[in-house]
Amino acid sequence: MNAVELPVETAPEPIALVLGEPFQTLPDDLYIPPDALEVFLDAFEGPLDLLLYLIRRQNLDILDIPIAQITKQYIAYIDMMDNLRLELAAEYLVMAALLAEIKSRMLLPRQPESEEEEEDPRAFLIRKLQEYEAIKKVAEEIDRLPRHERDTFETVVDVSTIGIRQILPDIELGELLLSLQDVLKRAERLSHHHISKEPLSVRERMAAILEKLDGADQLHFSACFTRSEGKNGVVVAFLAILELSKERLLDIFQPEPYAGIHVRLRANTATGD
């Protein structure tokens with residue numbers, strides 16, 4: 001005997017969720033106004049904005065505005081706002097009065113015997129519309145520019161807890177010799193004549209370099225040489241630097257890749273250990 005599968009009843013979809021609770025039926029005392037779902041799409045920033053919209057929507061020439069047609073559409077818009085119970089600003093009513101005045105002036109017959117040419121009653125309104133349109137275009141262009149806190153946002157990263165250890169690059173012997181060559185070239189430029197001097201001592205020069213470094217954290221490589229001593233002094237100072245480095249009293253380093261060579265006292269030497 002075959003089993004008969006009974007249909008499974010599913011709960012109907014709720015009409016709405018209020019505070020997380022589903023409602024299957026509408027409350028009896030619920031009142032929905034007849035115009036609750038009416039949507040007003042066009043919003044204008046003022047009467048000039050409305051007039052410009054009416055002119056551009058119909059591809060009319062702003063220099064030859066059909067006042068009667070535009071006035072009729074403008075009054076219809078004000079009536080619609082009144083029917084929707086929207087608060088009507090006084091400037092909209094002032095513009096309606098201005099349109100009515102321009103319309104009446106255009107209906108008046110012109111004096112044929114008048115020598116002076118009368119100004120077009122629409123001239124004042126046209127100038128206002130042109131100025132407003134120019135300002136509106138500039139405002140739209142400015143609004144399209146990237147704006148801070150709207151299109152771009154600052155990011156703040158807390159690096160106070162991150163330990164940064166600077167890894168100094170290794171100095172090759174070739175780089176050290178290039179620095180020595182540069183010092184020798186500059187010493188040659190200042191050597192004009194030979195003067196007999198007492199023999200230079202490497203040990204004395206080592207003591208002099210340590211004395212210079214005693215009051216400074218570091219010295220540039222060229223600062224360890226005395227140019228007036230010529231090539232002999234440069235060679236003696238270079239040997240003194242190498243000897244101090246060999247005895248682990250001096251560090252030769254570069255602060256960053258491709259930077260100049262510097263020297264400094266080794267840490268255990270500076271602390272007296």
Side-chain angles (χ1 to χ4, degrees), residues 14-20 23 26-157:
I15 297 175
L17 292 175
V18 180
L19 299 178
F23 279 78
L26 294 175
D28 297 334
D29 56 348
L30 179 63
Y31 172 72
I32 301 178
D35 55 352
L37 298 181
E38 290 187 10
V39 180
F40 188 69
L41 297 179
D42 294 328
F44 302 100
E45 299 178 359
L48 288 175
D49 195 24
L50 172 58
L51 284 178
L52 191 62
Y53 167 76
L54 295 175
I55 293 170
R56 294 308 181 200
R57 186 182 65 174
Q58 302 172 85
N59 294 324
L60 300 176
D61 186 2
I62 197 172
L63 299 177
D64 189 17
I65 303 173
I67 292 296
Q69 179 182 349
I70 291 298
T71 304
K72 182 178 179 182
Q73 295 175 3
Y74 186 88
I75 297 299
Y77 175 82
I78 291 181
D79 292 339
M80 182 177 60
M81 292 180 66
D82 186 57
N83 293 334
L84 292 174
R85 296 188 295 276
L86 298 176
E87 184 178 355
L88 199 60
E91 54 187 3
Y92 282 91
L93 300 177
V94 172
M95 180 58 69
L98 177 61
L99 289 172
E101 180 188 357
I102 295 174
K103 181 180 178 181
S104 63
R105 288 175 59 187
M106 293 183 66
L107 293 175
L108 292 175
R110 298 194 177 185
Q111 300 290 338
E113 64 276 4
S114 178
E115 297 180 358
E116 297 182 359
E117 184 178 355
E118 296 183 6
E119 185 182 10
D120 190 342
R122 301 171 295 178
F124 173 77
L125 181 60
I126 290 172
R127 286 196 300 269
K128 289 292 184 182
L129 286 171
Q130 288 176 329
E131 293 173 0
Y132 177 79
E133 185 178 25
I135 295 173
K136 184 177 181 180
K137 286 182 179 179
V138 173
E140 290 175 352
E141 292 177 1
I142 294 175
D143 186 65
R144 283 193 293 268
L145 295 175
R147 185 181 303 175
H148 186 59
E149 298 294 346
R150 187 193 69 176
D151 305 306
T152 59
F153 301 90
E154 291 183 356
T155 57
V156 180
V157 180

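Below, each value reflects all heavy atoms present in this structure, side chains not excepted, and no hydrogens, waters or symmetry copies.
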If you measure from [atom1] on [X] to [atom2] on [Y], what distance do you get to the nearest 0.5 Å?
X	Y	atom1	atom2	answer
K72	I70	NZ	CD1	12.0 Å
L51	L60	CG	CG	11.5 Å
Y132	K137	OH	NZ	12.5 Å
Y74	L54	OH	CG	9.0 Å
D49	K136	CG	NZ	4.0 Å
L145	D151	CG	CG	9.5 Å

Going by heavy atoms in the side chains, are [X] and [Y] under 4.5 Å from each other?
X	Y	result
M95	K128	no
I62	R56	yes
I75	L99	no
F124	L98	yes
I65	L129	yes

side-chain hydrogen bond (donor to acceptor under 3.5 Å, both in side chains) pairs touching residues 97-109, sequence neighbours excluded, are none
